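The block underneath contains the structure these notes are about, expressed in structure tokens.
Chain A is the first sequence line, chain B the second, and so forth, proteins listed ahead of strands; every chain is numbered from 1. Nothing here was measured: the structure is a model prediction, and the numbers come from that model.
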Amino acid sequence: MEIQSVKGTRDFYPEDMAKRNFIADLWKEVSLRNGFAEFDGPIFEYLAMYQQKSGEEISSQLFAFEDRGGRMLAIRPEITPTLARMVNQRINTLPRPIKWFSVPRLCRAERPQKGRLREFFQWNIDIIGVDDCLADAEVIFCAVDYLMQAGLTSDDVVVRISSRRLIAALLEYFGIEKEGLEKVYSALDKKSKVPAEVFEKMLAEAIGDANKRQKVLELMSVGSLTQLESFAGEDKNAKDAIEELKRLFNYLNIMGITEFCRFDISIVRGLAYYTGVVFEIYDKSEQLRAICGGGRYDNLLADFGGPKISATGMGMGDCVLGIVLEERGLFKNISEKNKIEYFVTYADEALKSEALKMVASLRRVGKRTDFSYKGGALGKQLKQASAVNAAMCIIVGDEFTQKKQIVIKNMGSGEQSSVDVSDFLGRL
RNA sequence: GUGGGUGUAGCUCAGCUGGCAGAGCACUAGAUUGUGGUUCUAGGGGUCGCGGGUUCAAACCCCGUCACUCACCCCA
């Protein structure tokens with residue numbers, strides 16, 4: 001039986017690898033220019049680290065295994081716990097704010113579908129130790145900075161922003177019981193994904209009282225921050241949360257990315273550990289799941305046994321992003337980047353050694369250089385040069401024997417000229 | 001966990017009412033021993049996912065099974 005690749009994994013042939021690198025190289029470049037430092041951790045950790053935070057549901061989606069020493073381990077499904085562990089270990093010596101990024105390879109044993117695989121890469125950036133929502137603004141800016149750099153515009157993507165703190169305060173203000181909150185959250189999360197009737201039905205199951213339900217329905221139709229204030233009344237928690245969002249949007253405006261950003265009260269982001277501002281970035285076609293998601297999680301370090309220090313961050317996977325970039329035709333110039341600069345050919349077998357010397361010289365000064373093993377007719381060698389998409393060809397032939405010259409041929413334009421070998425090597 | 005779709009050459013897919021296994025692209029070689037991409041010619045490459053059944057005869061019909069894929073659930 002032929003061995004095939006495992007479900008939900010990908011093989012990266014050179015042309016696929018070029019796309020993957022296009023995505024990941026840009027992640028790194030944008031992280032660095034936004035002031036983030038790279039870190040990484042092990043690809044597997046103790047299983048318990050992922051279980052303590054999440055429970056059965058999530059551990060069933062882990063690739064877990066036992067090592068020879070009987071330790072229960074798991075391949076990392078996310079890097080945030082590792083980040084928390086690493087930061088906690090050095091919390092007293094790290095200068096703040098801590099701005100770190102990583103591009104980990106992650107595995108989750110979920111059922112694969114469009115934009116979701118079992119093995120993928122995810123860009124993570126986190127800012128630890130800043131309470132101000134300026135940090136949240138910077139995380140959003142960084143994500144948008146990347147998408148713009150990749151060639152996407154506000155016509156292509158939208159950042160939907162809300163606040164867990166705001167929702168929690170308003171629901172409490174409306175008098176909705178704490179026990180029912182989870183159900184309300186998951187109904188809100190569905191709002192933009194299901195028909196209005198279905199949404200209202202879900203809400204009815206979550207909230208018994210018709211008056212309260214009506215208030216929530218009205219709340220969900222709010223499209224701007226200013227409309228919100230009438231709902232908050234004199235409730236201090238709600239007013240504070242609105243104030244924070246206003247400041248966030250002000251920062252986003254100052255940073256010049258307002259056109260990408262929209263307040264959207266239906267964004268609640270799973271139910272995990274978010275405590276404040278939350279956001280998701282979507283492709284405007286609305287056909288795909290989120291490109292990116294993030295928000296504030298102020299209990300993160302404490303949850304992993306550290307001090308209570310605030311944190312905010314986001315994650316962007318390569319699957320949905322790759323689909324978007326492909327659809328928009330934004331994988332540009334990727335075949336140019338690593339292509340052969342010089343392909344050295346020889347017109348006569350007797351000149352093979354001279355050609356090889358030339359190859360070695362070019363490689364030693366850092367030029368991407370190749371040649372034909374088989375040699376043979378010059379035409380064959382040039383054909384091979386075309387096949388590997390070489391930019392220039394060097395022909396070692398009679399000119400070399402007679403005048404110590406080589407022919408340099410531009411494979412794009414077809415133009416060629418003879419130069420002295422010593423001049424050519426001297427210019428490199 | 002639930003439901004749909006698809007499995008035929010390396011890739012994308014045709015294949016009629018059951019009758020010799022096909023095309024395009026890609027690959028290799030030649031036309032072409034000092035000039036590539038285009039073109040032309042030739043060639044290699046198949047357990048028709050797998051197992052069983054019906055039939056003189058199955059890629060095709062029936063039963064089972066596996067894989068992949070899309071959607072739901074979930075989504076750190």
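- A donor and an acceptor atom sit less than 3.5 Å apart, one in the side chain of Arg116(A) and one in the base of C74(B).
- Distances shown here put a side-chain N or O of Gln113(A) below 4.0 Å from the OP1 or OP2 atom of A71(B).
- OP1 and OP2 of C75(B) both lie 4.0 Å or more from every side-chain N or O belonging to Arg111(A).
- For the residue pair Gln381(A) / Ser372(A), no side-chain donor-acceptor distance below 3.5 Å is found, with atom types taken as modelled.
- Side-chain atoms of Ser386(A) come within donor-acceptor range of the base of G36(B), with a qualifying N/O pair under 3.5 Å.
- Gly293(A) comes within contact range of no nucleotide atom at all, as no heavy-atom separation falls under 4.0 Å.
- Here the separation of C27(B) from C11(B), taken at their C1' atoms, is 11 Å to the nearest Å.
- Using P as the reference atom, U41(B) and U32(B) are 16 Å apart when rounded to the nearest Å.
- Residue-to-nucleotide contacts include no donor-acceptor pair under 3.5 Å from the side chain of Arg108(A) to the base of C75(B).
- Rounding to whole angstrom units, CZ of residue Phe343(A) and C1' of G37(B) are separated by 14 Å.
- Ring centroid separation for the pair Phe263(A) and Phe279(A) does not come in under the 6.0 Å cut-off.
- Judged by distance alone, the side chains of Asp156(A) and Thr153(A) do bring a donor and an acceptor atom under 3.5 Å apart.
- Taking the six-membered ring for Trp and the full ring otherwise, Phe371(A) and Tyr373(A) have centroids separated by under 6.0 Å.
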One character per nucleotide, please: for nucleotides 24-35 of chain B, 5' to 3', B when the base has a protein heavy atom closer than 4.0 Å, S when only the sugar-phosphate does, - otherwise.
-----SS--SBB
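- With both ends at atom C1', the span from A21(B) to G36(B) equals 36 Å, rounded to whole Å.
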When Watson-Crick pairs (N1 to N3 and N6-O4 or O6-N4) and G-U wobble pairs (N1-O2 and O6-N3) count only below 3.5 Å on both distances, what is the dot-bracket string of RNA chain B, with | for other-strand pairs?
(((((((..((((.....[..)))).(((((.......))))).....(((((..]....))))))))))))....
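- Taking the C1' atom of each, G7(B) and G51(B) are spaced 16 Å apart, rounded to whole Å.
- Side chains of Gln61(A) and Arg118(A): a donor-acceptor N/O pair is absent below 3.5 angstrom, by distance only.
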Step by step, would you call Asp136(A) with Thr312(A) a side-chain hydrogen bond (donor to acceptor under 3.5 Å, both in side chains)?
CA-CA 6 Å; Asp136(A) 302 280; Thr312(A) 184; 2.7 Å; yes
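- Ser162(A) places no side-chain N or O within donor-acceptor distance of the main-chain N or O of Val278(A), the cut-off being under 3.5 Å.
- A salt bridge does not link Glu200(A) to Arg213(A): none of the charged side-chain nitrogens sits closer than 4.0 Å to a carboxylate oxygen.
- By the 6.0 Å and 45° rule, Arg160(A) stacks over the aromatic ring of Tyr282(A).
- Residues passing the side-chain contact (heavy atoms from CB on, under 4.5 Å) test with Asn88(A), sequence neighbours excluded: Leu301(A), Phe304(A), Pro307(A).
- Distance Lys114(A) NZ to G5(B) C1': 15 Å, rounded to the nearest Å.
- Between A29(B) and C56(B), the distance separating the two P atoms is 50 Å to the nearest Å.
- The CZ-C1' distance, from Arg289(A) to A71(B), rounds to 10 Å in whole Å.
- Side-chain to base pairing of Gln61(A) with A76(B): one donor and one acceptor N or O lie within less than 3.5 Å of each other.
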